[in-house]
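The structure appears right after this line, and notes come after that.
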Protein chains: 2
Amino acid sequence: MFNISKEDYLRVIYKNYTAGSLVTATVIADKLNVSNAAVTDMLKKLAKEKLIKYIPYKGVELLQKGMELAISLVRRHRIWETYLYKIIGLPLSMVDSEAENLEHSSSDELINRLEEILGYPEFDPHGDPIPSKKGILPKKKKSIPLSELEVDEQGAVLRVNDDSDEFLEHLTKLGIELNRKIKVVERRSFDNSLLIEVHADAPLRGKKEHSISEKYAKNIFVEVKSKK
Amino acid sequence: MFNISKEDYLRVIYKNYTAGSLVTATVIADKLNVSNAAVTDMLKKLAKEKLIKYIPYKGVELLQKGMELAISLVRRHRIWETYLYKIIGLPLSMVDSEAENLEHSSSDELINRLEEILGYPEFDPHGDPIPSKKGILPKKKKSIPLSELEVDEQGAVLRVNDDSDEFLEHLTKLGIELNRKIKVVERRSFDNSLLIEVHADAPLRGKKEHSISEKYAKNIFVEVKSKK
DNA sequence: CAAAATATTTAAGCGCACTTAAATTTTATT
DNA sequence: AATAAAATTTAAGTGCGCTTAAATATTTTG
Ligand SMILES: [Mn+2]
Ligand SMILES: [Mn+2]
Ligand SMILES: [Mn+2]
Ligand SMILES: [Mn+2]
């Protein structure tokens, strides 16, 4: 509701910041698909509004006000993703791009109502934390990439990378979603691909075996459960 | 998804067109809260794209392509209004402004899914017709303003004017919504205000009397039901 | 540590959607 | 039919978010 472009810049800065190191212009330009010159322009505007700290040639980080706006946007984004997935029934691979638009066009009243309907969820369908009305993030549970599980270990899916639609679409085909239990049956050391067993939903009690590449396994994060 | 500004111009032209007479620049400027000069600018662009027929100094009307886009937007708008009202539970006075934003930010897939969840409704919460996927409008039922009912006549609400939020908010307070039966108990010829009886929902079986001004009565449209 | 490679900023310019003020056309009035 | 009033268009200009090309700063590397 603020300004679509500025909100998008703030979200990218938020999502790409890691303590200690500034977010560079190139990273922002890449994620938003605009030129570096456009980024420099916008960073100057955001800095003038005291939303970010901008150190020329070095990068930026969010200031208090910018952080609040970014978290509000992330909240809108993740609540929409959760609603689209759980209530509307859109496929996981579609919710990000849809939420990308809706997040800029929803009143706080609407977002709060969606949150209420969902029962105040803590995580979105990718396993990312949903900020509360006050901007507080739930604690993330500790997770490791599926690629690091040993053979015969199993874990529940805690988070999946939300960067690629193709990746998410394939996960859906394999029956992989949040909380699903996965066991590593076999590791082929030639290419580090895995044979995994995806446990089905309770009612069906079945399991399915699938082969996945190392790259896939590196983008699925599981909570270690137990040896077997 | 096309272009927010252009879509808004097309919607205004669509909603303010009545067969035979063109939509003037002033009407558009009024509804969109922009200057006449801005309207002239945009009308030239829309005409160049063959979306409208623009006759300088006279006005505009939609051409085939513009009509299709306008109807698609109206569809998105009214499906959102219906969803927000019936499923999300937003108050009637809020759904128009919320839908005004969401209509530009929703994929066809999402809109179709909402329509499906709603069970393919024919009318939005103001009683306005919802165009189908193919752009076909359901037939409107014949209605007259409540102000034209005679004393002791009653009718079901078929449509309410969606122009004023304050008006809609007050209707909600009076318990007036679509399909609600209203009987005219008394007309005061001094100011043409009415004493009406609003029939409650089936389960409660109650009725409530309210006094409303002529202006209110002129913006509520009912289907004539029967003399009593 | 100087040269080369890379990243970033500056400069100039564009299309969009708007503004106000002036010019022009249409419509209403006498 | 001439004139006054109202509506509309034209003209000139603005801020926004973007582009490409050139200039400059930083980082890498031989
Ligand atoms: Mn997302
Ligand atoms: Mn997400
Ligand atoms: Mn509406
Ligand atoms: Mn409506």
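No experiment lies behind these values; they were computed from the predicted model shown. The sequence lines fix the lettering, A, B, ..., with proteins before strands; numbering per chain opens at 1.
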### Summary
Between CG of A:N36 and C1' of D:dT19 the distance, given in whole Å, is 12 Å

### Task
Measure from the side chain of B:A38, starting at C-beta and using heavy atoms only, and say which of C:dT9, C:dC16, C:dC18 lies closest.
C:dC18

### Message
I need the minimum non-hydrogen distance between B:Y216 and B:E166, along with the two atoms involved.
### Response
OH-O, 4.2 Å

### Message
Nearest whole Å is fine: how far is D:dT20 P from A:N33 CG?
### Response
12 Å

### Message
Just the rounded figure in Å: distance from P of C:dT9 to CD1 of A:I55.
### Response
11 Å

### Message
I need the minimum non-hydrogen distance between A:L137 and A:P131, along with the two atoms involved.
### Response
CD2-CG, 3.7 Å

### Task
Identify whether any heavy atom of B:T40 sits under 4.0 Å from a base atom; if not, whether one sits that close to sugar-phosphate; answer base, sugar-phosphate or nothing.
base

### Query
Does a side-chain N or O from A:Y57 land closer than 4.0 Å to OP1 or OP2 of C:dT10, or not?
no

### Query
OP1 or OP2 of D:dC18 less than 4.0 angstrom from a side-chain nitrogen or oxygen of A:S35, does that happen here?
no

### Message
Output the rounded distance in Å from CG (A:L46) to C1' (D:dC16).
### Response
13 Å

### Task
Might you confirm whether atom NZ of B:K6 has over 12 heavy atoms from other residues, nucleotides or ligands at distances under 6.0 Å?
yes

### Message
Rounded to whole Å, how long is the line connecting atom CD of A:E7 with atom C1' of D:dC16?
### Response
16 Å

### Task
May I ask you to say whether A:R113 pairs ionically with A:E116, meaning some side-chain N is under 4.0 Å from a carboxylate O?
yes

### Query
Out of D:dG17, C:dT9, C:dT19, which nucleotide sits closest to the side chain of A:Y54?
C:dT9

### Task
Whole angstrom is fine here: how far is it from CD1 in A:I4 over to C1' in C:dA17?
14 Å

#### Entry: Distance, rounded to the nearest Å, where A:N3 contributes CG and D:dC18 contributes C1'
14 Å

### Query
Are any non-hydrogen side-chain atoms of A:K31 and A:N16 less than 4.5 angstrom apart?
yes

### Query
Is A:K45 near enough to D:dG17 that one of its side-chain N or O atoms lies under 4.0 angstrom from OP1 or OP2?
yes

#### Entry: Nearest-nucleotide 5' precedence on DNA chain C, B:A37 against B:M42
B:M42

### Task
Ignoring backbone atoms, establish whether B:Y9 has a side-chain N or O less than 4.0 Å from OP1 or OP2 of C:dC16.
no

### Query
C:dT10 phosphate, OP1 or OP2: any side-chain N/O from A:K44 under 4.0 angstrom?
yes

## Note on the structure
Ranking C:dA21, C:dC18, D:dT27 by distance to the side chain of B:D41, first place goes to C:dC18

### Query
Can you tell me how far P of D:dT24 sits from NZ of A:K58, to the nearest Å?
19 Å

